[in-house]
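Below you'll find the structure, written out as structure tokens, and then a few comments.
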Amino acid sequence: MSETQLKLFSVPENKELIKRVRDSLDIESPDLNVFAKSRNSYLINLLNEIYESSEAWDELCQVNIEYIGRHFERNVKRPINKSELDLLYSYFLRFACEFYLSAAGLNHPVYEFIAFAKKELGSFDESEQDSIEYAISFTPIMVTKRIISGHELQHIFQFEEVTKHAENLKETWDKEIKDKQDKVNLLQTALEKQKTGYNFVGLHKGFNQLSTEKDKEKKWSFRWVLLLGVAILALIGFEFYYASTRIEVTSLGTVATNNYFRLIPMFSGVIVLLYFFRIALINYKSVKSQILQIELRKTLCQFIQNYSDYSKEIKAKDKEALAKFENIIFSGIVADEGNIPSTFDGLDQLTKLAKTIKSK
């Protein structure tokens, strides 16, 4: 039997034939006996059901459509007389029995159509009684056979085989899943290592940028130290030159007092320059100290890997094991400002110098 659903009643030409036969049936003629009127009435009801639900009848009557569907037009087109109506009734009875067995629920027109054939079997022509008995007796067998040989039911008979196949598939999939899970775990471990490495690379990069800035600051500090040093030496040299060429001597052979007052601005300038030279020198040393601390941090970042995991393990044994390392790597860059003079230190020196000269 073809797996493609066969069409019979839903074909437009066949629906028109069913409608024409239905409309041609007579139940009012005085020539008809009680049996004929009932037969025609049940036929009209059945044909009306088929016409209104043609697609459902195609779906649920596949067995008889396959076996006797090719005789449809020939039987429906026969002249409408008593013998032909009995044949038509027996013909549609096979479809009615299959539809009634396959459909869900109770369809009263179909049930009454079948019940009338069983009840009034002796009233039909003798030539059609065998067909009616065959339809009622063998249609259930044919439908059952179709169901048993159907594709869906075959899976039930092959349940054990299908179960074994499913178990084999499950074992194969479980193995594949486990292998893939192992690969994922390896990749996860590798990614965690890479993440840790990149964290320290980023930290090293930050320290490297800071080191570059401090190198520039160191160069400028060194230049200021040199500039102030040269300025101090030049001013001192100028003082000696001025003292040797412009000094005034009194008649008694002593140095005139006004010469000292002339030297006060020069000495004051030297003191001020010394003050700023000292600040520049201390700042230069401070920058060098900061660069040393930064270089130490960069060195530590180069060999520290998986620090978080390692710290958990080692701190479980000794909480202070990594204290010094953490103090170094995570502490701020310290500039030693303890020896930087305050702004008024230079004024104090000038005051002391003025008091010394005044006492003389």
Side-chain angles (χ1 to χ4, degrees), residues 6-144 146:
L6 302 175
K7 300 290 185 181
L8 179 65
F9 301 112
S10 61
V11 176
E13 294 82 0
N14 294 336
K15 288 188 69 174
E16 287 300 319
L17 285 174
I18 293 171
K19 180 181 179 182
R20 187 172 63 190
V21 171
R22 180 195 64 183
D23 295 341
S24 67
L25 293 174
D26 182 18
I27 59 174
E28 301 294 338
S29 177
D31 297 333
L32 298 175
N33 56 24
V34 176
F35 166 76
K37 290 182 179 180
S38 298
R39 179 199 59 198
N40 293 353
S41 176
Y42 288 125
L43 261 174
I44 291 172
N45 292 337
L46 184 74
L47 292 175
N48 189 60
E49 283 288 322
I50 295 174
Y51 183 82
E52 297 295 335
S53 307
S54 58
E55 293 184 358
W57 280 79
D58 280 345
E59 180 182 354
L60 299 178
C61 297
Q62 289 291 298
V63 173
N64 282 295
I65 290 175
E66 181 180 1
Y67 286 123
I68 62 174
R70 63 184 179 273
H71 303 298
F72 177 81
E73 291 184 1
R74 184 183 65 185
N75 291 328
V76 172
K77 289 180 178 180
R78 287 179 181 274
I80 305 300
N81 54 47
K82 180 182 182 301
S83 61
E84 296 300 331
L85 285 176
D86 286 349
L87 175 62
L88 190 65
Y89 199 103
S90 66
Y91 176 77
F92 279 104
L93 182 61
R94 293 181 63 171
F95 290 105
C97 289
E98 183 179 358
F99 183 86
Y100 186 76
L101 290 170
S102 303
L106 179 63
N107 189 302
H108 290 285
V110 177
Y111 172 77
E112 292 171 352
F113 186 86
I114 298 171
F116 177 79
K118 293 175 67 176
K119 181 180 179 181
E120 301 292 338
L121 178 61
S123 301
F124 287 90
D125 288 342
E126 292 183 1
S127 61
E128 303 305 329
Q129 290 180 10
D130 291 339
S131 298
I132 292 172
E133 287 182 341
Y134 179 87
I136 296 174
S137 301
F138 285 94
T139 299
I141 297 174
M142 295 172 64
V143 173
T144 304
R146 177 177 178 271

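As a basis for the values below, the full set of heavy atoms in this structure was taken, side chains included, without hydrogen atoms, waters or symmetry mates.
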Q. Going by heavy atoms in the side chains, are Ile136 and Leu121 under 4.5 Å from each other?
A. no
Q. Measuring from Asp125:CG to Glu84:CD, what's the distance to the nearest 0.5 Å?
A. 9.5 Å
**Q.** Closest heavy-atom pair and its distance - Phe113, Tyr42
**A.** CD1-O, 3.5 Å
(Q) Let me confirm one number: the CD1-SG distance from Ile114 to Cys97, rounded to the nearest 0.5 Å. (A) 4.0 Å
Q.
Can a donor-acceptor pair be found, under 3.5 Å and without considering hydrogens, that links the side chain of Ser24 to the backbone of Val21?
A. yes
**Q.** Test item: Arg39 and Tyr89 side chains (from C-beta on) under 4.5 Å apart, heavy atoms
**A.** yes
Q. Which heavy-atom pair separates Gly122 from Gln129 by the least distance, and what is that distance?
A. O-NE2, 3.4 Å
**Q.** Atom pair NZ/CG of Lys118 and Leu93 - distance to nearest 0.5 Å
**A.** 10.0 Å
Q.
For Glu13 versus Val11, what's the shortest heavy-atom pair and its separation?
A. OE1-CG1, 3.0 Å
Q: Enter the distance from Ile132:CD1 to Ser127:OG here, rounded to the nearest 0.5 Å.
A: 9.0 Å
(Q) Can you give me the closest heavy-atom contact between Leu101 and Pro140, atom names plus distance? (A) CD1-CA, 3.3 Å
Q. Counting distance only, does the side-chain N/O of Asn45 pair as donor-acceptor with the main-chain N or O of Pro109 below 3.5 Å?
A. no
Q | Test item: Glu55 side-chain N/O and Ser10 main-chain N/O as donor-acceptor pair under 3.5 Å | A | no
**Q.** With Tyr134 via ring-ring contact (aromatic ring centres under 6.0 Å, His included) - residues at least two apart
**A.** Phe138
**Q.** Side-chain donor or acceptor of Glu98 paired with backbone N/O of Val63 under 3.5 Å
**A.** yes
Q. Do Tyr91 and Ile68 come close enough that some side-chain heavy atom pair is under 4.5 Å?
A. yes
Q) Is any side-chain heavy atom of Leu6 less than 4.5 Å from a side-chain heavy atom of Asp58? A) no
Q | Spacing of CD belonging to Glu128 relative to CD belonging to Glu133, to within rounding of 0.5 Å | A | 12.0 Å
Q) So do Phe95 and Thr139 actually touch side chain to side chain, heavy atoms under 4.5 Å? A) no
Q | Nearest atoms (heavy-atom pairs only) where Glu59 meets Gln62 | A | O-CG, 3.6 Å
**Q.** side-chain contact (heavy atoms from CB on, under 4.5 Å) against Asn48, all qualifying residues, sequence neighbours excluded
**A.** Arg22, Glu52
Q | Value rounded to 0.5 Å, distance of CG in Leu32 from CG in Leu85 | A | 9.0 Å
Q) Would you say Asn14 and Phe9 make side-chain contact, with heavy atoms under 4.5 Å? A) no
Q.
Would you say NZ of Lys37 has more than 12 non-hydrogen atoms from neighbouring residues, nucleotides or ligands within 6.0 angstrom?
A. yes
Q. For Phe99, which residues count as a ring-ring contact (aromatic ring centres under 6.0 Å, His included) partner, sequence neighbours excluded?
A. Trp57
Q.
Has Glu49 got a side-chain atom pairing as donor or acceptor with Val110's backbone, closer than 3.5 angstrom?
A. no
Q | Side chain proximity check, Ser38 to Phe116, heavy atoms < 4.5 angstrom | A | yes
